[in-house]
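Notes for the one structure printed next.
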Amino acid sequence: MTSYISLDTALQMLSNTYMASVLLLLAVSYFGLVAIETMEDPGNPTPKPKWFI
């Protein structure tokens with residue numbers, strides 16, 4: 001009995017891990033940007049247009 005991983009399986013594992021890390025990095029950066037924007041919210045960011053007053 002051999003205990004090796006075939007090249008195809010290893011490449012698929014690496015590509016799956018890479019894609020998971022990219023998605024995780026994008027998600028964390030998005031939530032970080034959302035947190036920064038909410039902390040820097042000036043209260044009234046945009047004036048209302050005249051027809052909504």
Side-chain angles (χ1 to χ4, degrees):
M1 182 170 140
T2 59
S3 61
Y4 68 92
I5 299 173
S6 67
L7 180 63
D8 292 336
T9 304
L11 288 176
Q12 187 165 2
M13 287 171 55
L14 285 173
S15 64
N16 288 342
T17 306
Y18 176 75
M19 292 304 291
S21 67
V22 166
L23 290 175
L24 184 65
L25 180 65
L26 287 173
V28 168
S29 63
Y30 175 75
F31 287 125
L33 287 174
V34 167
I36 289 171
E37 285 181 5
T38 56
M39 284 189 285
E40 293 180 350
D41 190 20
N44 189 6
T46 56
K48 293 182 180 179
K50 290 181 180 178
W51 55 84
F52 286 129
I53 294 177

Original post:
By side-chain hydrogen bond (donor to acceptor under 3.5 Å, both in side chains), which residues pair with S6, not counting sequence neighbours?
Top reply: T9
**OP:** Return the set of residues passing side-chain hydrogen bond (donor to acceptor under 3.5 Å, both in side chains) with T17 (not counting sequence neighbours), or none when no residue passes.
**Re:** none
**OP:** For V28, enumerate each residue passing the side chain to side chain contact (heavy atoms under 4.5 Å, CB included) test, keeping only those at least two apart in sequence or located in another chain.
**Re:** L24
Original post:
Among M13, Q12, M19, which one satisfies side chain to side chain contact (heavy atoms under 4.5 Å, CB included) with N16?
Top reply: Q12
**OP:** May I ask whether Y30 and I36 are part of the same hydrophobic cluster, defined by side-chain heavy atoms of I, L, V, M, F, W, Y residues being less than 4.5 angstrom apart, directly or through others?
**Re:** no
Original post:
To the nearest 0.5 Å, what is the distance between CG (L11) and CD1 (I5)?
Top reply: 11.0 Å
